[in-house]
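Index from 1, following the sequence. Counting starts at 1 for both ligands and their atoms, in listed order.
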Amino acid sequence: MRKPIIAGNWKMNKNRKDAEQLITELVPLVKDAKCDVVICVPFTDLDTAVKATKNTNIKVGAQNVHWAESGAFTGEISADMLKEIGVEYVIIGHSERRQYFGETDESVNKRTLKALEAGLKPIICVGETLAEREKGKTDEVVTRQTKAAFKDIPKEELKNIVIAYEPVWAIGTGKTATADDANSTIKVIRDTMAELYCKNCAEETVRIQYGGSMNPKNASELMAMPEIDGGLIGGASLKAEDFSKVVNY
Ligand code: 13P
């Protein structure tokens, strides 16, 4: 019903030569994947990645996009620029951008609207910090982030959007949310989508990934949970063999 989707987020890693090498190794390892496979690479690797994945089942994503068409926005990249070079997905609102680069619920929504208009597929990240979790605010935070991200987004676009639930305290720390915890928070997000759109859309169309120290060892347990439709993988996406094991969970 909902096709699983495993995406690698390389973050700020790998020059062009490394990128080409990793992709060359990865292509044969994931060619029979049952899920959608995406690699989200730094801007400077996008062109290399698009070329190296041509005629394969691997799709390419960027890690951010601006909401304006063009103009005086030094250091930013537009949705049309990404689309033009063959990029298909884009991560929006990653917690590292919220934490270090002033990303807000509102800017996440603006970027998402623009990405969709250009025909890109957003991977929208939500997730609570450790402090929020300890105060028992997890459900409240992911509900608020989800509602804000989807403001003015029509139902017809849901098939083009992926949500990634990434508890901030689990990112790069080796601490994974338990499969049950991840599943129940993703259920909260799905219920929010049902409230915003409709129960069927939330259950049949909306794909929600888990992200945060997901790796070859824990992927199958996480992927076995009924609400978890995939993963957004950081560290373990930087080696072809590890990433392929997650993809072939
Ligand atoms: P890690 O898999 O390194 O914890 O990173 C997760 C993440 O932030 C993916 O976007």
(message) Whether Lys155 engages the ring of Tyr197 as a cation-pi pair (distance to the six-membered ring centre under 6.0 angstrom, angle to the ring normal within 45°) should be assessed.
(response)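 That pair does not qualify as a cation-pi contact.
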
Kindly print each ligand 1 N/O atom paired with any protein N/O atom under 3.5 angstrom away, one pair per line, or none if nothing qualifies.
| residue | atom | partner | partner atom | Å |
| --- | --- | --- | --- | --- |
| ligand 1 | 2 (O) | Ser213 | N | 3.4 |
| ligand 1 | 2 (O) | Gly234 | N | 2.9 |
| ligand 1 | 3 (O) | Gly235 | N | 2.8 |
| ligand 1 | 4 (O) | Gly172 | N | 2.6 |
| ligand 1 | 4 (O) | Ser213 | N | 2.7 |
| ligand 1 | 5 (O) | Lys11 | NZ | 3.3 |
| ligand 1 | 8 (O) | Lys11 | NZ | 2.8 |
| ligand 1 | 8 (O) | His94 | NE2 | 2.8 |
| ligand 1 | 8 (O) | Glu166 | OE1 | 3.4 |
| ligand 1 | 10 (O) | Asn9 | ND2 | 3.0 |
| ligand 1 | 10 (O) | His94 | NE2 | 2.9 |
| ligand 1 | 10 (O) | Glu166 | OE1 | 3.2 |
| ligand 1 | 10 (O) | Glu166 | OE2 | 2.9 |

(request) Ignoring hydrogens and angles, state whether a donor on the side chain of Glu103 or Ser107 is under 3.5 Å from an acceptor on the partner side chain. (result)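 Glu103 vs Ser107: donor-acceptor pair found between side chains.
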
(message) Does either side chain, that of Glu128 or that of Trp169, offer a donor lying less than 3.5 Å from an acceptor on the other one?
(response)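 The criterion, which ignores hydrogens and geometry beyond distance, is satisfied for Trp169 and Glu128.
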
(request) Check Asp105, Ile189, Ile208, Ile124 against Thr146 for a side chain to side chain contact (heavy atoms under 4.5 Å, CB included) and give me the one that passes. (result)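 Between Thr146 and the candidates, side chain to side chain contact (heavy atoms under 4.5 Å, CB included) is satisfied uniquely by Ile189.
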
(message) So that I can tick it off, tell me whether Glu25 and Lys239 are bridged by a salt bridge, with the cut-off set at under 4.0 angstrom between side-chain N and carboxylate O.
(response)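 Judged by the 4.0 Å cut-off on N to carboxylate O distance, Lys239 and Glu25 do not form a salt bridge.
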
(message) A quick test of your reading: do over 12 heavy atoms of other residues, nucleotides or ligands sit less than 6.0 Å from CD of Glu241?
(response)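 Incorrect, the count does not exceed 12.
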
